[in-house]
**Q** 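Below you will find the structure I want to go over with you.
Hydrogens, waters and symmetry mates are skipped; everything else that's a heavy atom, side chains included, is used. Note that the coordinates shown come from a computational prediction; the quantities given were computed from them, not determined experimentally.
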Amino acid sequence: MNTTFFDLLWQLKQELENRGCETIDMPVFIDDPDYRRRILESVDLKTLNPAYRQILPELLDGRVLDITRQVRRIPHVSKPRNGGPVHTLESARKGPGVLTGLFIVLMLLVGVAGLVELTGDRVVSDLISSAGLQGAAETSEPTTSPVAQTTRGTTQAPPAVSVPPEETLFRLHGSNTIGETLAPALLKAFWQQQGAQGLRVEQGAVEVERDILFSLPGREALQRIELKAHGSSTGFKGLLSREADLAMASRRIKDKEKTRLAPLYGDLSSVRTEHVVGMDGLAIIVHPRNPISSLNTAQLAQLFAGKIRNWKQLGGPNQAVRLYSRDENSGTWDSFKSMVLKKHGVTLADTARRFESSMELSDRVSQEPGAIGFIGLPYVLRAKALAVADEAGALPVFPTTFTVSTEDYPLTRRLYMYEPMTLALDSPAHRFINFVTSEEGQEIVRKSGFISQNIQRIQPVLSDALPPRYLDLTRGGSRLSLNFRFNSGTFELDNKAQRDLERVIRFFEKHPGQRAVLIGFSDSTGNPSHNERLSLRRAEVVRDQLLARGINVAEVHGLGALAPVASNATATGRERNRRVEVWVRGTVSEPTQAGR
């Protein structure tokens with residue numbers, strides 16, 4: 001028996017997905033030869049049913065597909081796994097191939113009725129099966145055909161097509177730091193804003209996999225967001241295999257990941273694709289009764305390398321050190337490895353216990369007297385967080401809202417979501433990203449225990465050890481809870497700073513009469529007078545951007561390498577020291593917050 005080329009393609013899609021292939025976007029599969037070849041090259045084509053092999057040449061050679069022509073049919077295969085379309089620019093196209101395919105499906109259903117009088121119920125059942133449809137009451141009894149029996153000569157009604165139980169709107173994979181509590185909270189808030197009803201979180205087969213399920217007005221199918229939080233690197237792997245639509249990461253995308261993904265999604269490090277969704281302090285946690293209150297990064301490196309094995313070596317109790325670490329896929333692990341272990345040329349001790357769950361790690365540290373671990377700031381829970389100094393002799397800094405938002409705390413990191421440039425602007429995934437970076441979304445970030453990017457004005461408590469010139473410039477002023485930073489080796493504002501400009505503008509629009517004082521800083525590399533000129537130039541870049549938007553900038557200063565917030569011995573430390581602080585002077589219309 002024959003069927004249409006279009007129908008056979010859908011059965012091929014089911015067969016490939018049942019063999020473990022990624023979910024296939026059928027409109028793209030029909031229209032895009034490169035996408036087709038990549039899908040087909042991922043399976044052993046020799047093992048396919050011969051009916052599929054008859055169409056492989058035209059699927060692989062890039063020709064335009066004639067989806068209306070007749071081909072030899074094959075037996076029924078099971079339905080594909082649940083899931084909805086990926087909302088991409090490609091899948092949003094209204095190509096003639098897709099419209100023709102829909103027309104063919106409708107014609108098949110209409111044709112069922114006419115075939116009954118000629119061939120009886122069995123042929124109708126075969127046709128329905130070949131189209132991937134299932135009768136509502138199919139049993140072994142011949143009188144329970146999917147098509148209701150009628151007297152001869154009456155018109156036969158086509159069988160009802162069942163609506164898929166779920167429609168997957170998008171898939172969010174990656175960082176456990178983001179995915180464990182923050183992402184579910186953001187997803188709930190966004191979809192409630194969109195009118196979602198009956199919203200719930202359904203636990204998956206493993207702890208870090210969940211589905212966000214809800215109903216939307218006018219939609220019959222249950223709506224689904226797939227959330228998998230196995231670690232930052234898995235988000236980028238999911239984009240590469242097309243198993244994810246957005247990637248979460250608690251560290252910046254690596255050059256090799258960016259290069260690998262660029263042909264599919266464009267430059268994922270651009271301001272349009274890389275979104276800072278919040279700030280986090282990498283907290284060093286110990287048992288609550290541990291008397292140690294602060295450590296520098298060199299001591300942390302010695303501890304986690306296994307070279308300091310007893311707390312008495314650091315002035316603590318005679319207690320063996322127990323090491324707890326996040327797993328290899330974790331962005332938390334990547335951040336700690338970069339900021340502590342690599343910085344001091346050591347590797348993690350083999351005795352360290354590894355955890356995929358942030359909550360589980362924190363819980364274990366709080367129960368083990370000799371334990372020490374590292375965790376995202378919201379997961380400190382019952383454990384004790386230590387103050388950290390970037391180098392020996394530097395002032396230890398506790399991870400607070402202010403010190404993390406300004407990135408003055410040595411183990412501060414940015415939390416990211418990466419959005420492929422191929423996503424349609426009206427897709428649910430893109431609208432979700434816009435919500436996350438909005439003031440409303442950032443308020444959810446704050447309520448989830450992370451550090452919001454919404455600007456606060458702080459009255460910091462400054463140490464007398466700071467340079468006198470700095471103290472003179474800032475006396476009587478308040479400070480905004482951000483620093484402007486630049487792309488490495490340039491005077492170009494980085495992606496976060498470009499978005500922070502809009503936040504600063506909104507602050508001054510809400511607080512008329514306030515004046516900005518900009519103070520630029522540099523690292524200590526090179527001639528001091530040259531560094532002072534560089535720091536002033538950075539402050540002037542910010543000034544020019546604010547003046548162009550009508551913001552009153554009262555003063556601009558460059559202090560060179562004074563008042564470093566990080567070690568100048570490392571590239572990342574020097575980059576953090578190259579910054580511009582924003583101070584405010586004028587009539588204060590609301591109470592300021594006290595902070596360090």
Side-chain angles (χ1 to χ4, degrees), residues 186 189 271 275-281 400-409 412 414-415 433-448 450-462 470 473-486 492-521 538-559 565 576 578-596:
L186 288 166
V271 70
H275 305 276
V276 176
V277 299
M279 307 295 292
D280 185 25
T400 67
T401 298
F402 177 67
T403 61
V404 172
S405 62
T406 59
E407 300 179 273
D408 290 346
Y409 174 63
T412 294
R414 301 173 177 185
L415 303 178
I433 288 289
N434 284 343
F435 170 79
V436 170
T437 56
S438 71
E439 288 191 27
E440 297 89 343
Q442 288 300 298
E443 181 61 15
I444 301 300
V445 171
R446 184 191 67 79
K447 290 179 178 178
S448 299
F450 291 91
I451 308 304
S452 163
Q453 297 175 92
N454 289 338
I455 291 179
Q456 299 293 326
R457 183 172 52 190
I458 309 295
Q459 189 72 52
V461 179
L462 300 178
Y470 180 68
L473 287 174
T474 58
R475 186 172 290 112
S478 55
R479 184 178 168 190
L480 298 190
S481 57
L482 59 80
N483 283 331
F484 284 105
R485 285 187 165 82
F486 300 79
E492 180 183 277
L493 293 171
D494 67 15
N495 290 343
K496 182 180 186 303
Q498 291 185 52
R499 291 196 176 91
D500 282 344
L501 274 173
E502 302 305 318
R503 295 186 174 103
V504 171
I505 291 164
R506 286 197 297 269
F507 171 85
F508 282 104
E509 288 175 345
K510 292 178 181 178
H511 301 84
Q514 306 296 297
R515 297 170 297 151
V517 176
L518 305 176
I519 305 177
F521 298 88
R538 291 190 178 96
E540 289 172 340
V541 168
V542 177
R543 177 202 61 191
D544 293 345
Q545 294 287 343
L546 293 178
L547 287 176
R549 293 162 172 83
I551 303 303
N552 183 10
V553 179
E555 301 174 34
V556 179
H557 303 278
L559 298 188
V565 296
R576 288 180 56 221
R578 299 189 289 264
R579 69 197 189 279
V580 174
E581 295 180 357
V582 184
W583 289 75
V584 178
R585 287 183 183 162
T587 302
V588 179
S589 58
E590 62 183 30
T592 57
Q593 299 182 30
R596 183 194 167 279

**Q** Of the non-hydrogen atoms in Ala539 and Gly520, which two are nearest, and what is the gap between them?
**A** CB-N, 3.9 Å
**Q** Taking atom CD1 of Ile551 and atom CZ of Arg515, what is their separation to the nearest 0.5 Å?
**A** 14.0 Å
**Q** Could you check whether Arg479 pairs with Glu581 (Lys NZ or Arg NE/NH1/NH2 to Asp/Glu carboxylate O, under 4.0 Å)?
**A** yes
**Q** Dump the intermediate steps for side-chain contact (heavy atoms from CB on, under 4.5 Å) on Phe402 and Gln456, then the final yes or no.
**A** CA-CA 9 Å; Phe402 177 67; Gln456 299 293 326; over 6 Å; no
**Q** Run the ring pair (Phe, Tyr, Trp, His ring centres under 6.0 Å) test against Phe521 and tell me which residues pass, sequence neighbours left out.
**A** Tyr470
**Q** Are Asp494 and Phe486 side-chain neighbours, meaning at least one heavy-atom pair lies under 4.5 Å?
**A** no
**Q** Ion pair present between Arg585 and Glu555, side-chain N to carboxylate O less than 4.0 angstrom?
**A** yes
**Q** Determine the minimum heavy-atom distance between Phe435 and Leu186, stating which atoms define it.
**A** CE2-O, 3.7 Å
**Q** Does Asp500 use its side chain to pair, donor to acceptor, with the backbone of Arg503 at less than 3.5 Å?
**A** no
**Q** Please lay out, stage by stage, how Arg578 and Arg538 fare under the test side-chain contact (heavy atoms from CB on, under 4.5 Å).
**A** CA-CA 8 Å; Arg578 299 189 289 264; Arg538 291 190 178 96; 3.0 Å; yes
**Q** Take Val504 and Phe484, measure what side-chain contact (heavy atoms from CB on, under 4.5 Å) needs, and give me the verdict at the end.
**A** CA-CA 10 Å; Val504 171; Phe484 284 105; 3.7 Å; yes
**Q** Does the side chain of Phe450 reach to within under 4.5 Å of the side chain of Val404, using non-hydrogen atoms?
**A** no
**Q** Identify the heavy atoms of Leu493 and Gln545 that sit nearest to each other, and give their distance.
**A** CD1-CG, 4.3 Å
**Q** Checking Gln453 against Arg499: is there a side-chain donor and acceptor pair closer than 3.5 Å?
**A** no
**Q** Hey, are the side chains of Asp408 and Asn483 touching, using non-hydrogen atoms and a 4.5 Å cut-off?
**A** yes
**Q** Side chains of Val565 and Glu407, heavy atoms from C-beta outward: is any pair under 4.5 Å?
**A** no
**Q** Could you check whether any side-chain N or O of Ser452 sits under 3.5 Å from a backbone N or O of Gln442, counting only pairs where one atom can act as donor and the other as acceptor?
**A** yes
**Q** Less than 4.5 Å apart, any side-chain heavy atom of Ile455 and any of Val582?
**A** no
**Q** Quick check: does any side chain N or O of Arg485 sit under 3.5 Å from a backbone N or O of Ala497, one acting as donor and the other as acceptor?
**A** no
**Q** Taking all atoms of both residues into account, what is the closest heavy-atom pair of Thr406 and Leu480, and its distance?
**A** CG2-O, 4.3 Å
**Q** Measuring from Thr474:OG1 to Ile519:CD1, what's the distance to the nearest 0.5 Å?
**A** 6.0 Å
**Q** Taking the side chain as every heavy atom from C-beta outward, state whether Arg446 and Asn454 have any pair of such atoms under 4.5 Å apart.
**A** no
**Q** Could you go through the side-chain contact (heavy atoms from CB on, under 4.5 Å) check for Thr437 and Glu502 one step at a time?
**A** CA-CA 11 Å; Thr437 56; Glu502 302 305 318; over 6 Å; no
**Q** Going from NZ on Lys510 to CD1 on Ile505, what distance comes out if it is rounded to the nearest 0.5 angstrom?
**A** 13.0 Å
**Q** Quick check against the 3.5 Å criterion: does Gln459 have a side-chain atom that pairs as donor or acceptor with the backbone of Gly477?
**A** yes
**Q** Can you tell if the side chain of Val517 reaches within under 4.5 Å of the side chain of Leu473, non-hydrogen atoms only?
**A** no
**Q** For a quick test of reading the model, state the closest non-hydrogen atom pair linking Leu462 to Trp583 and the distance between them.
**A** CD1-CH2, 4.1 Å
**Q** What's the shortest heavy-atom distance between Val277 and Val445, and which atoms?
**A** O-CG2, 3.3 Å
